[in-house]
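Below: the structure, in structure tokens.
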Amino acid sequence: MLCKRRFCLKTVPNLLEILGHTEYFSGNRGVRYKINYKKSKLIRQNQVAGSLTKSISRVKVVLKPITRVSRLAFVKKRWEEEKKEDGVKWKFLEHKGPVFAPPYEPLPKNIKFYYNDEEMKLSHETEEVASFYAKMLDHDYTTKDAFNKNFFHDWREVMTDKERSKITDLKKCNFKQMHAYFTDLAEKNRNKTKEEKQMLKEKNEALLKEYGFCVIDGHKEKIGNFKIEPPGLFRGRGEHPKMGKLKRRVEAEDIIINCSKDSKIPEPPPGHRWKEVRHDNKVTWLASWTENVQNQVKYIMLNPSSKLKGEKDWQKYETARKLHQKVDKIRENYQADWKSKEMRIRQRAVALYFIDKLALRAGNEKDEDQADTVGCCSLRCEHIELHEEKDGKDYVVVFDFLGKDSIRYYNEVPVEKRVFKNLQLFMENKKQGDDLFDRLNTQIMNKHLNDLMEGLTAKVFRTYNASWTLQQQLDELTNADDTVAEKILSYNRANRAVAVLCNHQRAVPKGHQKSMEKLKEKIDAKRDQIKDAERQVKDAQREAKHGSVKEKVAYDKKKKQLERLKDQLTKLEIQETDRDENKTIALGTSKLNYLDPRISVAWCKKYEVPIEKIYNKTQRAKFRWAIDMAGPDYRFDRIKK
DNA sequence: TTGACGACTTAGTAGCATAATA
DNA sequence: TATTATGCTACTAAGTCGTCAA
């Protein structure tokens, strides 16, 4: 049905957003609207939003809610229509370049650095690097030898000759005043007045407005990280041999700008020039530089809400769904390979079994100058233990290794006898430090996987198993008669099952125990209230039996109050369970990277749970495509022919 | 075949903003 | 209204995987 209404700016808050780059927007209650502009001269001239703000309230629009079917068709059609030739990512790209880190502000004169108990005035750059260390004095990093050694080495490199000859021992450096100064500064920043905070906010918003967006093929899109990383000390995770090294300041001269030839080229800061301006439309980045600690290229890229990223995300889940069609065959295949005559094939088959069953990462080889972490293909003999029998289970493999970000993976897994025997074979005549799969690496694995299915790589299994688990867990845990709060608990539990599978951990939040105790107190108090209310209901019932209308009304009131209290108690109990189960598990990573969002969208629609309860604003922006595409019947494990 | 490199995704956390509570 | 708890965002490190050259 066509609903014709005249909208002013107030009723269409994000109308601004649509001008110049899209004709679709979301209205109330998550409904997507298609907009037909009625003789809008402004739009036909295709002017940019900024210059039109004053006239917007006069724009007449006809809004037509898009049905689910046409929404799906629309998203797909739009992506089809704008398909580019192979490898081409855009035809037009314009942006304003990155924002550089603010310059270093020297310390006030009264803040002193002492060496060997003697006051010492440091040169500008030496002081700046010292300040990086001083700020971290409270941090665990500064207790680590590697951190201190690397910092001191790099710090000495920026010193003047005079400073270098004098400062020869980090232990004799006293950064305490500097540290106190920065702590104090942070405190002052926190206690800024409302007005000061507002001013700062406006300043940031202005910066975002100017540098935070780009125009790509006629659409205005948000940039993910438009600020250049400021200088500081490298914070590698785990036992990273380079921790504490100086991450130097990045200047325009380090930056490569990528944009269209026919776009307005961004201006470098005054007195500077870009390292290079290139026009490579086969990549998606807007700017890049090489950082000095690990010599890696860093990029300025689009926000996950952008069309380009969204499309890629969609493709990722489509590949995972394709795997679902083939996975039975692939499993049969690798199980047969456990018996192969060739060692390399047996190793490949056992490794693939782990990747599939345990959602292990591929495990590329790493350099010596990185933290010692492993994935499946790079497992070493010391990372597994074999037990013919453990805790009443046969053929148990105990995995214990550090994975990505030096997060420990510990798992006791009963496996098939043949897998177990193969592992014994692989470990024969090997010692600690030797590769478990010495005839295998990720290239070999991925080459094999690509032969089995186009586009198949090791990481597709993680996506596939994560999404499949979510779908299966939601089927199992959701009860249509539950309250919204109970349904959300089920959703979180399904999400948690995935996070456990993928080993997504987090540090126990600060004050977790305290907050749990408080919650328990609240629950006890609520129980007392309920007991009290129950007594009151009983009394009221007795009085109502022989009393007048007034007593009956009072009885009803008491009953309702009791119901309300019981509801509140259930909610608190749910919160308690949820929070405790979540103590060391991070749900965000799987939600953002592994779970086909259409499963969640469909679940919300099917069980009438508002999407806002599952995805926050940023997540909704990232998964816009899925919210548009999926109806209540969408299934990850079913592809319509 | 191997290693280096480039491009992109996946990852946990610090610190800020906002909501809840006292 | 001040304080505390919680949620969100920005940040940037650390993976994966494809390509290219030696």
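Below, chains carry the letters A, B, ... as their sequence lines are ordered, and counting in each starts from 1. Reckoned from all heavy atoms, side chains included, excluding hydrogens, waters and symmetry mates.
- Residue Asn204(A) has no polar side-chain atom (N or O) positioned under 4.0 Å from OP1 or OP2 of dC16(B).
- Phosphate proximity of dC8(C) to Asn616(A): present, with a side-chain N or O under 4.0 Å from OP1 or OP2.
- The NZ-P distance, from Lys222(A) to dT9(C), rounds to 8 Å in whole Å.
- If you measure from atom CG of Asn225(A) to atom C1' of dT9(C), you get 13 Å, rounded to the nearest angstrom.
- At whole-Å resolution of the value, NZ in Lys622(A) and P in dC8(C) are 16 Å apart.
- Mapping Glu365(A) and Ala507(A) onto DNA chain B by nearest heavy atom places Glu365(A) closer to the 5' end of the strand.
- Nearest heavy atoms, Tyr615(A) versus Arg620(A): O-NH1, 2.9 Å.
- A sub-4.0 Å separation between OP1 or OP2 of dG15(C) and a side-chain N or O of Arg237(A) is absent.
- Taking every side-chain heavy atom of Val283(A) into account, dC8(B) is the closest of dT16(C), dC8(B), dG12(B).
- Among the nucleotides dT9(B), dG12(B), dT13(B), the one closest to any side-chain atom of Ile407(A) is dG12(B).
- Listed by chain and residue number, Thr483(A), Lys571(A), Ile574(A) satisfy the side-chain contact (heavy atoms from CB on, under 4.5 Å) test with Ala485(A) (two or more places apart in sequence, or in another chain).
- To the nearest angstrom, C1' of dA14(C) lies 16 Å from CZ of Arg235(A).
- The ring-ring contact (aromatic ring centres under 6.0 Å, His included) analysis of residues 349-376 of chain A, with sequence neighbours excluded, yields the pairs Trp338(A)-Tyr353(A), Phe354(A)-Phe399(A).
- No contact: Gly375(A) has no heavy atom under 4.0 Å from any strand.
- Less than 4.0 Å separates DNA chain B from at least one heavy atom of each of the following residues of residues 284-303 of chain A: Thr284(A), Trp285(A), Val297(A), Tyr299(A), Met301(A).
- Regarding contacts with the backbone of dT10(B), every side-chain N or O of His504(A) stays at 4.0 angstrom or more from both OP1 and OP2.
- Between the CZ atom of Arg506(A) and the P atom of dA13(C) there is a distance of 23 Å, given to the nearest Å.
- Among the atoms of the strands shown, only primed sugar atoms or phosphate atoms (P, OP1, OP2) are found under 4.0 Å from some heavy atom of Ala458(A).
- At distances below 3.5 Å, at least one donor-acceptor pair connects side-chain atoms of His279(A) with backbone N or O atoms of Cys259(A).
- At a cut-off of 3.5 Å, with distance as the only test, a side-chain donor of Glu202(A) or Gln198(A) sits close to an acceptor on the other residue.
- At a cut-off of 3.5 Å, with distance as the only test, no side-chain donor of Asp254(A) or Thr290(A) sits close to an acceptor on the other residue.
- Among the protein residues, Gly403(A) comes within range of the sugar-phosphate backbone only, with heavy atoms under 4.0 Å from sugar or phosphate atoms but none that close to a base.
- Using a 4.5 Å cut-off on side-chain heavy atoms (C-beta onward), Trp314(A) and Arg598(A) make contact.
- For the helix from dT1(B)-dA22(C) to dA22(B)-dT1(C), the rotation axes defined at the first and last 5 base pairs enclose an angle of 0°, given to the nearest 10°.
- Qualifying side-chain contact (heavy atoms from CB on, under 4.5 Å) partners for Asn148(A), counting only residues two or more places apart in sequence or in other chains: Tyr133(A), Thr142(A), Leu170(A).
- The phosphate of dC16(B) (OP1 or OP2) has no side-chain N or O of Lys197(A) nearer than 4.0 angstrom.
- OP1 or OP2 of dA7(B) has not a single side-chain nitrogen or oxygen of Lys89(A) nearer than 4.0 Å.
- For Pro304(A), the side-chain contact (heavy atoms from CB on, under 4.5 Å) partners are Lys622(A), not counting sequence neighbours.
- Rounding to whole angstrom units, CD1 of residue Ile355(A) and C1' of dG15(C) are separated by 14 Å.
- Between the P atom of dA17(B) and the CG atom of Asn189(A) lies a distance of 10 Å, rounded to the nearest Å.
- Using a 4.0 Å heavy-atom cutoff across all strands shown, Thr373(A) reaches sugar-phosphate atoms only and no base atom.
- Partner of Tyr594(A) under the side-chain hydrogen bond (donor to acceptor under 3.5 Å, both in side chains) criterion, out of Lys316(A), Arg462(A), His504(A): Arg462(A) alone.
- Asp372(A) has no carboxylate O lying under 4.0 Å from a charged side-chain N of Lys366(A), or vice versa, which leaves the two without a salt bridge.
- Distances shorter than 4.0 Å separate none of the side-chain N or O atoms of Lys404(A) from OP1 or OP2 on dT10(B).
- Using a 4.0 Å heavy-atom distance criterion, Lys591(A) is classed as making no nucleic acid contact.
- At dT16(C), one or more side-chain N or O atoms of Asn364(A) fall inside 4.0 Å of OP1 or OP2 (strictly under the cut-off).
- For Thr589(A) and dT10(B), the shortest distance from a side-chain N or O to OP1 or OP2 is not below 4.0 Å.
- Across all strands, Pro304(A) comes closer than 4.0 Å to no nucleic acid atom at all (heavy-atom distances).
- The distance from atom CG of Leu592(A) to atom C1' of dT13(B) is 14 Å, rounded to the nearest whole Å.
- For the pair Asn616(A) (side chain) and Gln619(A) (backbone), a donor-acceptor distance under 3.5 Å is present.
- An OP1 or OP2 oxygen of dG6(B) is reached within less than 4.0 angstrom by no side-chain nitrogen or oxygen of Arg278(A).
- The shortest distance between the side-chain N/O atoms of Lys459(A) and the OP1/OP2 oxygens of dT10(B) is below 4.0 Å.
- When the nucleotides dC8(B), dA13(C), dA11(B) are ranked by their closest atom to the side chain of Tyr594(A), dA11(B) comes out on top.
- Residue Phe234(A) has its side chain nearest to dA13(C) when only dG15(C), dA13(C), dC11(C) are considered.
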